[in-house]
2 protein chains.
Amino acid sequence: MATLRDVAREAGVSVATASRAINGLGNVTAPTKAAVMAAVKKLNFVPHSGARSLTRRKTDTVGVILPDLFGEFFSEIIRGIDLVAHESGMHLLLGNMHGSTHETAAAIAAMRGRVDGLLVMPPDLKPELLADYLDPALPTVLLNYDAGSLDLPFVAVDNYRGAYAMTEALLARGMRQIVHIAGPKHNRDARDRQRGFVDAMAKIAKISNPAILPGDFSEESGAQAGRLLVQGQLPADAVFAANDQMAVGLMAELANAGKSVPGDVLVAGFDDIPLARHLNPSLTTMQVKIDRLGSTAMMMLLRILRGETLGGASATILTPTLVARGTTGGAAIPATVAAAGALPT
Amino acid sequence: MATLRDVAREAGVSVATASRAINGLGNVTAPTKAAVMAAVKKLNFVPHSGARSLTRRKTDTVGVILPDLFGEFFSEIIRGIDLVAHESGMHLLLGNMHGSTHETAAAIAAMRGRVDGLLVMPPDLKPELLADYLDPALPTVLLNYDAGSLDLPFVAVDNYRGAYAMTEALLARGMRQIVHIAGPKHNRDARDRQRGFVDAMAKIAKISNPAILPGDFSEESGAQAGRLLVQGQLPADAVFAANDQMAVGLMAELANAGKSVPGDVLVAGFDDIPLARHLNPSLTTMQVKIDRLGSTAMMMLLRILRGETLGGASATILTPTLVARGTTGGAAIPATVAAAGALPT
DNA sequence: TTCGCCTGTGTAACCGGTTACGTTGTTAAC
DNA sequence: GTTAACAACGTAACCGGTTACACAGGCGAA
């Protein structure tokens with residue numbers, strides 16, 4: 001592979017001149033520049049970005065560290081990030097912590113010297129640990145994680161308000177025996193959603209200790225919850241699953257048992273995965289614009305990299321929108337609720 | 001940020017010794033090593049991967065260049081790649097050509113010096129152009145692309161055989177008026193699938209010039225085809241869509257028109273997107289294990305990087321499997337067809 | 001004792017670019 | 001006719017690591 005010195009020699013100039021010509025800096029006469037360009041073509045020289053970033057102290061790359069790559073949640077995030085990154089000519093270096101805390105540290109360390117900034121999504125990592133791993137000199141934006149004590153910028157989804165709004169909507173339909181299928185115990189999103197549900201039940205309908213079935217965000221765990229319901233151990237006129245995936249499993253099980261949705265029981269989910277509107281009946285759910293999560297975080301990172309101070313905008317909370325579909329009868333949702341769930345845009 | 005020289009100074013040794021101690025090479029006494037390690041901890045030194053890869057001439061990174069990041073097809077590929085890459089401690093640098101030929105060149109060039117190898121998926125790029133852009137010195141594996149004249153290793157899906165098998169299965173059910181909804185004209189996958197369909201109709205049922213409706217892989221184009229069918233302009237006892245997405249649009253339109261599937265007409269798709277089995281009725285389709293596409297390519301690349309010669313294995317063709325579901329009546333498919341579509345494991 | 005070899009460590013070149021600074025030659029200003 | 005200013009270009013240091021080679025000291029063998 002040709003190097004800059006090869007090009008310089010071929011063009012009969014010094015490396016400095018060659019570099020300047022190639023990068024379009026001033027102080028190079030047209031004929032000299034032409035000679036250099038000819039040499040570039042002839043040797044088909046392509047600049048070595050690794051070497052370049054070493055001196056420029058700039059890599060034009062951001063590191064993206066996700067807990068996993070499974071499912072469309074992550075792919076949508078990546079797409080959102082890429083959308084913005086691409087516009088700014090940035091590249092994406094993917095790091096996958098594969099669920100392990102130890103690997104998180106390794107993934108972050110491996111980014112040193114290869115990225116200008118970091119986008120990290122550490123769903124179940126304690127803030128103190130995270131602070132330990134992170135390089136304070138490296139601009140970092142957290143994804144779907146409220147840094148709390150750490151004063152790192154982050155963008156998150158308002159799971160609490162989303163769950164609250166959905167519960168409110170179900171209550172507005174006259175439902176009282178609403179069962180929640182929870183997500184993984186240690187998962188922040190899951191906990192916030194559960195809190196939103198519990199609070200809405202208490203505040204709006206004065207129902208304390210509403211029924212909550214365990215789940216882990218998987219389709220199968222939704223199906224399990226469905227079997228519990230069907231066996232009649234739990235009276236329910238509506239089921240609010242902490243994510244769509246579980247709602248899918250639940251509905252399959254209800255159908256098996258001959259239960260009609262929304263005739264016998266209403267069903268609601270959370271996330272609005274593409275599958276949701278294709279189900280039969282289509283699934284009422286809280287729409288989270290996942291790609292927005294990624295693109296917003298990337299925009300924040302870019303601003304930091306440009307030296308702007310984020311100021312008050314150092315945290316962005318995305319509010320999910322309620323999408324009413326077939327599983328709750330499909331009709332309109334009270335205007336107040338719809339407004340509460342509306343995205344600022 | 002601390003550099004190696006800082007560490008060396010702190011530990012009272014030379015950079016060479018510090019480097020050796022950190023990298024666990026021999027020829028360092030235990031006390032010296034301990035001193036270096038203490039300095040590393042104290043300054044919390046993290047090696048600068050950029051600088052390191054410059055001398056090692058190894059980046060432990062592979063570049064992945066995809067035409068787009070939209071939808072789960074690509075996310076599944078990335079997941080497959082990551083699975084294998086992660087095991088080997090490799091990182092992924094994402095490049096997105098965003099559909100443009102010009103950007104493809106830029107994306108490939110930008111990879112120079114930052115990756116040890118390339119995984120490229122150039123769905124509608126002419127081989128000659130591709131050869132132009134690619135650096136012959138950089139190990140490259142093509143995704144879903146038969147390099148043909150170029151002797152680059154690649155992994156692809158046997159779209160032809162898949163479509164042939166599906167058509168055969170429909171014919172075996174006694175269908176004769178089978179309509180194919182084609183994909184984009186310039187798309188290789190689409191063309192191969194169409195060829196498979198046409199050939200199967202001709203060879204097995206002696207039907208030449210079977211009905212083919214235009215489409216572009218989008219749900220809407222499937223719906224459009226559905227409207228054409230419903231208006232009775234085309235008699236059909238089965239419809240074979242070139243991908244699942246179009247089958248989804250088609251089925252929605254058929255349902256609108258009160259047509260029963262599979263009562264009035266059978267429907268089949270291609271890809272087996274997760275949505276397929278959740279449709280009502282569930283969609284019969286050719287299952288393509290997309291993540292396998294990525295992981296296989298990555299494994300091939302790793303072997304090249306290790307210096308192994310691929311020999312005859314420089315091309316891998318993944319054969320899709322027929323999954324019979326509700327839209328074709330759900331029952332068994334003739335054994336021969338199932339076998340023809342079976343993956344080698 | 002002398003030579004050879006091995007071990008632990010240091011010096012400096014190198015990877016492939018960028019860029020501060022110095023040099024040369026030209027032109028404008030006095 | 002000097003000098004200053006400036007444009008075009010070259011030299012070499014530098015980014016932060018790795019590593020070939022040199023070197024000093026210790027030890028066993030002859």
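Computed from heavy atoms alone, side chains included, the values below leave out hydrogens, waters and symmetry copies. Worth saying up front: this structure is predicted, and the values here are computed from it rather than measured.
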Spacing of [X] atom [atom1] relative to [N] atom [atom2], expressed in whole Å:
X: A:Leu4; N: C:dT18; atom1: CG; atom2: C1'; answer: 9 Å
X: A:Ile22; N: C:dT18; atom1: CD1; atom2: C1'; answer: 12 Å
X: A:Asn23; N: D:dA8; atom1: CG; atom2: P; answer: 17 Å
X: A:His48; N: D:dG16; atom1: NE2; atom2: C1'; answer: 14 Å
X: A:Leu25; N: C:dG17; atom1: CG; atom2: P; answer: 15 Å
X: A:Asp60; N: C:dG17; atom1: CG; atom2: P; answer: 16 Å

Contacting residues from [range], given that a heavy atom lies under 4.0 angstrom of DNA chain C:
range: residues 27-44 of chain A; value: none
range: residues 5-12 of chain A; value: A:Arg5
range: residues 50-59 of chain A; value: A:Ala51, A:Arg52, A:Leu54, A:Thr55, A:Arg56

When we call it a touch if two heavy atoms are under 4.0 Å apart, what does A:Val15 touch: a base, just sugar-phosphate, or nothing?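 Since a base atom lies under 4.0 Å of A:Val15, the category is base.
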Between B:Thr104 and B:Ser100 (side chain of the first, backbone of the second, donor and acceptor by atom type, cut-off under 3.5 Å), is there such a pair?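 Pair found, side chain donor or acceptor close to backbone of B:Ser100.
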Check: B:Thr140 side chain, B:Leu138 main-chain N or O, donor-acceptor pair, under 3.5 Å: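 Flag set: sc B:Thr140 to bb B:Leu138 pair under 3.5 Å.
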Is the shortest heavy-atom distance from the side chain of [X] to the side chain of [Y] under 4.5 Å?
X: B:Thr316; Y: B:Met300; answer: yes
X: A:Leu318; Y: A:Asp158; answer: no
X: B:Arg112; Y: A:Met1; answer: yes
X: A:Ile317; Y: A:Val157; answer: no
X: B:Val40; Y: B:Ile22; answer: yes
X: A:Pro139; Y: A:Leu301; answer: yes

More than 12 heavy atoms of other residues, nucleotides or ligands under 6.0 Å from NE2 of A:His102: yes or no?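 No.
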Closest-nucleotide mapping onto DNA chain D: is A:Ala16 or B:Ala2 further toward the 5' terminus? I mean the 5' end.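 Result: A:Ala16.
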Could you work out, with salt bridge (charged side-chain N to carboxylate O under 4.0 Å, His left out) as the rule, every residue matching [X], not counting sequence neighbours?
X: A:Arg9; result: A:Asp6
X: B:Arg306; result: B:Glu308
X: A:Arg52; result: none
X: B:Glu10; result: B:Lys42

Please state whether the phosphate of D:dT18, meaning OP1 or OP2, lies under 4.0 angstrom from any side-chain nitrogen or oxygen of B:Ser19.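 Yes, because at least one side-chain N or O of B:Ser19 sits under 4.0 Å from OP1 or OP2 of D:dT18.
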Look at the side-chain N and O atoms of B:Ser14 and state whether any lies under 4.0 Å from the OP1 or OP2 oxygen of C:dT9.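 For C:dT9, neither OP1 nor OP2 has a side-chain N or O of B:Ser14 closer than 4.0 Å.
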Every protein N/O within reach of nucleotides 23-26 of chain C N/O, cut-off under 3.5 Å:
none

Sequence neighbours left out, what pairs pass side-chain hydrogen bond (donor to acceptor under 3.5 Å, both in side chains) with at least one residue falling in residues 127-139 of chain A?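 Sorted pair list comes back empty.
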Return each pair, listed once, that meets side-chain hydrogen bond (donor to acceptor under 3.5 Å, both in side chains) where at least one residue sits in residues 57-69 of chain A; pairs must be two or more places apart or across chains.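 Only A:Lys58-A:Asp60, A:Thr59-A:Asp116, A:Thr61-B:Arg114 qualify under side-chain hydrogen bond (donor to acceptor under 3.5 Å, both in side chains).
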Partner residues of A:His48 under the ring-ring contact (aromatic ring centres under 6.0 Å, His included) criterion, sequence neighbours left out: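 So A:His48 forms no ring-ring contact (aromatic ring centres under 6.0 Å, His included) with any residue.
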Please confirm whether any donor atom in the side chain of B:Arg20 sits under 3.5 Å from an acceptor in the base of C:dG10, or the reverse.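 Check passes, donor-acceptor contact within cut-off.
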For the helix from C:dT1-D:dA30 to C:dC30-D:dG1, what is the angle between the axes at its two ends, each from 5 pairs, rounded to 10°?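 The end axes of the helix from C:dT1-D:dA30 to C:dC30-D:dG1 are about 60° apart, to the nearest 10°.
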